[in-house]
Enquirer: 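Mind having a look at this structure? Questions to follow.
When a residue number appears, it is its place in the shown sequence, counting from 1. Quick caveat, the model's predicted, so the values are computed rather than measured.
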Amino acid sequence: MFYTSTRDKSLKVTASEAITNGISKEGGLFVPCEIPTLTDADITEMVGMSYIERAKKILALYLTDFSKEELDYCVNGAYGGEKFDSEKVAPLCDLSEKAKVLELFRGPTCAFKDMALQLLPYLLTTASKRAAPDKEIVILVATSGDTGKAALEGFKDVDRTRILVFYPAHGVSPMQKLQMTTQEGQNVGVCAINGNFDDAQSSVKKIFTDKKVAEKLSENGLMFSSANSINWGRLVPQIVYYCSAYCDLLESGAIKMGDKMNVVVPTGNFGNILAAYYAKQMGIPVGKLICASNSNNVLTDFLTTGTYDRNRNFFTTVSPSMDILISSNLERLLFHLSGEDDAKIREYMNALSKDGKYTVSADILEKISENFAAGYTDEDSTLETIKSTYEEKNYLADTHTAVAIKVYNDYEEKTGDNTVTVIAATASPYKFAKSVIAAVSGSAPKVPEFEMAEILSKETGTKIPAPLAGLKDKKVRFTSISEIEDMEQCVYDLLGI
């Protein structure tokens with residue numbers, strides 16, 4: 001299995017090289033040259049497997065230069081032991097007969113990013129021994145909240161790595177901020193920026209592809225890699241949980257072999273829903289991929305009109321991990337749907353950079369419509385959905401999962417499509433306790449974050465996740481704030497070079 005770049009399909013690299021480099025030199029994203037397939041027999045075999053066994057089977061199809069022993073080491077290390085508080089790792093919960101919630105937040109940072117970022121450090125250190133044996137890897141991350149903490153936790157004190165995280169100073173929840181600024185580990189660095197996530201992501205990508213910066217790092221025995229979903233090593237583990245969800249539906253009797261499942265994903269950067277698209281292309285019977293957006297509904301507009309336009313108002317919402325106007329992983333989808341036309345992708349991405357918008361061809365839009373549906377919800381509807389879901393379904397959803405539930409309800413009502421549907425639940429409600437309390441009880445008390453969590457626990461009879469409860473007495477380590485134009489120097493300062 002080889003990988004190519006969305007902006008230069010003449011390239012062919014191994015999985016190890018794709019994961020170690022993170023992004024192609026010309027700025028493109030690595031994608032598999034071919035998508036492996038699963039037969040009905042393969043799926044039936046996986047039904048009787050544990051999550052760890054399913055992960056090994058799927059990953060072996062994509063990471064063909066990893067030995068069986070290496071994959072065993074990586075997967076067992078990521079999902080074994082007591083890192084996840086569910087034996088199923090990513091369990092399905094009934095919301096109704098047809099709607100199932102895929103809980104992806106049972107890991108050490110209580111967000112879906114753990115599903116990939118507990119595995120990525122193992123993949124990256126194993127891959128870099130082959131692809132860059134003389135270099136120490138610097139993980140550079142832009143985060144809208146959850147990726148930063150999950151990456152920090154995954155990479156803390158991992159040999160031959162350092163990790164630097166940038167987050168919008170006023171664009172994450174208090175709990176997300178506390179998770180990052182109290183991070184332990186000798187190889188970690190965290191800095192806020194005066195700007196939004198798109199500012200952080202664009203600046204990180206610019207630094208990442210700057211030849212002068214790369215040369216300076218190389219002189220010091222360092223090289224960049226990424227823990228954002230632009231790195232294939234971040235995306236490929238996410239394919240596993242959609243394959244696993246289908247197997248769990250089969251195991252429970254909710255569907256029969258060959259029946260389709262729909263998937264609803266609250267997404268901003270498009271990586272999580274793209275993983276479901278790859279699962280569908282592999283042979284998992286997926287019907288509609290339903291993209292759920294908040295008020296920053298650039299993806300909803302694109303998937304329904306074919307025009308991507310980031311020239312719009314940016315909203316800071318109660319679902320901050322989706323407050324994104326530049327959806328990086330969309331580039332991968334367009335590469336596949338265009339027939340791997342790298343020239344067309346360069347044209348689209350150059351237009352996005354120059355003019356802030358592009359419009360895809362009619363044939364690409366037709367293929368998008370065949371696979372995807374999209375919807376969005378505003379702030380009031382998000383909070384109303386948290387309340388109604390809790391009162392009517394006895395399920396406490398966070399502010400991102402609520403977006404997905406509302407969009408699913410709207411889609412079902414509009415289309416009459418009653419296909420069994422998997423709704424991706426991306427974070428614990430306790431990461432956004434203030435908003436969840438306000439939704440459930442009508443208002444949020446003016447108290448410190450941990451008192452807020454305790455009130456939510458008492459009012460709903462649910463338990464504060466141990467990783468969040470443990471933050472209460474941790475010391476804040478990182479307080480720096482950088483201007484966007486100073487981020488490059490901030491990287492040098494954090495690295496001490």
Side-chain angles (χ1 to χ4, degrees), residues 17-25 27 109 113 117 120-129 131-145 147-169 172 177 179-195 197 199-231 233-234 328 475-497:
E17 291 171 319
I19 292 170
T20 301
N21 290 310
I23 191 172
S24 189
K25 289 181 179 179
T109 75
K113 306 298 175 73
L117 284 166
L120 181 60
Y122 289 95
L123 296 180
L124 183 58
T125 52
T126 300
S128 65
K129 288 175 184 176
D134 60 335
K135 292 288 194 295
E136 185 175 1
I137 306 297
V138 176
I139 309 297
L140 197 59
V141 178
T143 185
S144 55
T147 292
K149 172 58 182 178
L152 288 163
E153 189 65 25
F155 279 96
K156 72 174 182 183
D157 294 329
V158 171
D159 190 40
R160 297 179 62 246
T161 69
R162 302 191 207 179
I163 177 166
L164 311 177
V165 170
F166 292 94
Y167 70 93
V172 300
K177 180 178 179 180
Q179 282 186 299
M180 289 185 283
T181 57
T182 60
Q183 178 63 49
E184 298 170 346
Q186 296 302 307
N187 64 334
V188 305
V190 178
C191 184
I193 67 156
N194 281 318
F197 170 75
D199 297 323
Q201 180 172 245
S202 296
S203 295
V204 161
K205 195 168 184 180
K206 182 180 178 183
I207 295 168
F208 204 98
T209 55
D210 190 311
K211 291 182 179 179
K212 290 184 179 178
V213 177
E215 288 171 1
K216 187 174 180 68
L217 261 67
S218 184
E219 291 168 2
N220 288 273
L222 305 168
M223 69 173 286
F224 280 137
S225 190
S226 174
N228 283 97
S229 56
I230 56 174
N231 190 322
R234 252 290 304 278
S328 293
K475 182 181 179 182
V476 172
R477 294 181 63 197
F478 302 102
T479 57
S480 299
I481 301 178
S482 172
E483 300 300 327
I484 297 164
E485 60 270 21
D486 297 331
M487 284 175 62
E488 181 180 318
Q489 185 57 50
C490 189
V491 168
Y492 295 148
D493 292 343
L494 288 168
L495 291 174
I497 61 174

Enquirer: Near Glu485 CD, under 6.0 Å, is it more than 12 heavy atoms from other residues, nucleotides or ligands?
Expert: yes
Enquirer: Check Ser328 against Gln201 and note the closest heavy-atom contact, atom names and distance.
Expert: OG-OE1, 3.2 Å
Enquirer: To the nearest 0.5 Å, tell me how far Ile484 CD1 sits from Ser203 OG.
Expert: 5.5 Å
Enquirer: Treating Ser202 as the side-chain partner and Asp199 as the backbone partner, does any N or O pair qualify as donor plus acceptor under 3.5 Å?
Expert: no
Enquirer: Could you tell me whether the side chain of Phe208 reaches within less than 4.5 Å of the side chain of Ser226, counting heavy atoms only?
Expert: yes
Enquirer: Do Val491 and Phe166 have side chains that approach each other closer than 4.5 Å (heavy atoms only, starting at C-beta)?
Expert: yes
Enquirer: So, the side chain of Arg234 versus the backbone of Leu120: is there a donor-acceptor pair under 3.5 Å, distance only?
Expert: no
Enquirer: Test Leu164 against every option in Ile139, Leu495, Val141, Asn187 by the side-chain contact (heavy atoms from CB on, under 4.5 Å) rule and name the one that passes.
Expert: Leu495
Enquirer: Please name the pair of heavy atoms, one in Ala151 and one in Ala227, separated by the smallest distance, quoted to 0.1 Å.
Expert: CB-CB, 4.0 Å
Enquirer: So, taking the atom named CE in Met487 and the one named CG in Asn194, what distance separates them when rounded to the nearest 0.5 Å?
Expert: 11.5 Å
Enquirer: Taking the side chain as every heavy atom from C-beta outward, state whether Val172 and Phe197 have any pair of such atoms under 4.5 Å apart.
Expert: no
Enquirer: So, Lys113 versus Thr147: side-chain donor-acceptor pair below 3.5 Å or not?
Expert: yes
Enquirer: Do Thr20 and Met223 touch side chain to side chain, with heavy atoms closer than 4.5 Å?
Expert: yes
Enquirer: Look only at the side chain of Asn231 and the backbone of Gly233, and say whether a donor-acceptor pair between them is shorter than 3.5 Å.
Expert: yes
Enquirer: Any side-chain heavy atom of Glu219 within less than 4.5 Å of one from Ile497?
Expert: no
Enquirer: Is the number of heavy atoms from other residues, nucleotides or ligands within 6.0 Å of CG (Asp159) greater than 12?
Expert: no
Enquirer: So if I apply the side-chain contact (heavy atoms from CB on, under 4.5 Å) rule between Phe224 and each of Thr209, Val204, Ile207, which one comes out positive?
Expert: Ile207
Enquirer: Could you pull out the closest heavy-atom pair between Pro121 and Gly154, with the gap in Å?
Expert: CG-O, 3.2 Å
Enquirer: Return yes if some donor-acceptor pair links the side-chain N/O of Ser218 with the main-chain N/O of Ala214 below 3.5 Å, else return no.
Expert: no
Enquirer: Under the criterion side-chain contact (heavy atoms from CB on, under 4.5 Å), I'd like the reasoning laid out for Thr182 against Phe478: C-alpha separation, chi angles, the key distance, then a yes or no.
Expert: CA-CA 7 Å; Thr182 60; Phe478 302 102; over 6 Å; no
Enquirer: For the CD1 atom of Ile137 and the OG1 atom of Thr125, what is their distance to the nearest 0.5 Å?
Expert: 9.5 Å
Enquirer: When you measure from the side chain of Ser225 to the backbone of Ile19, do you find a donor-acceptor pair of N or O atoms at a distance under 3.5 Å?
Expert: yes
Enquirer: How long is the gap from CD on Gln489 to CG on Leu494, to the nearest 0.5 Å?
Expert: 10.0 Å
Enquirer: With sequence neighbours left out, which residue pairs that include part of residues 135-145 fulfil the side-chain hydrogen bond (donor to acceptor under 3.5 Å, both in side chains) condition?
Expert: Glu136-Arg162
Enquirer: If you compare all heavy atoms of Gly189 against all heavy atoms of Leu152, which two are closest, and at what distance to 0.1 Å?
Expert: O-CD2, 4.2 Å
Enquirer: Going by heavy atoms in the side chains, are Tyr167 and Thr181 under 4.5 Å from each other?
Expert: yes
Enquirer: As an exercise, state the distance from SG of Cys191 to CG of Asp486, rounded to the nearest 0.5 Å.
Expert: 9.5 Å
Enquirer: In Å and rounded to the nearest 0.5 Å, what is the CD to OG distance from Glu17 to Ser24?
Expert: 11.0 Å
Enquirer: Give me the atom names and distance for the closest heavy-atom approach of Ser128 to Arg160.
Expert: OG-NH1, 3.4 Å
Enquirer: Check this for me: does any side-chain nitrogen of one of Lys211 and Glu215 sit under 4.0 Å from a carboxylate oxygen of the other?
Expert: no
Enquirer: Report yes or no: does Asn220 contribute a side-chain atom to a donor-acceptor pair with the main-chain N or O of Leu222 at less than 3.5 Å?
Expert: no
Enquirer: Output, in order, the C-alpha distance, side-chain angles, deciding distance and verdict of side-chain contact (heavy atoms from CB on, under 4.5 Å) for Asp210 and Glu488.
Expert: CA-CA 10 Å; Asp210 190 311; Glu488 181 180 318; 4.3 Å; yes
Enquirer: Can you tell me which residue among Lys149, Gln183, Met180 is in a side-chain contact (heavy atoms from CB on, under 4.5 Å) with Val165?
Expert: Met180
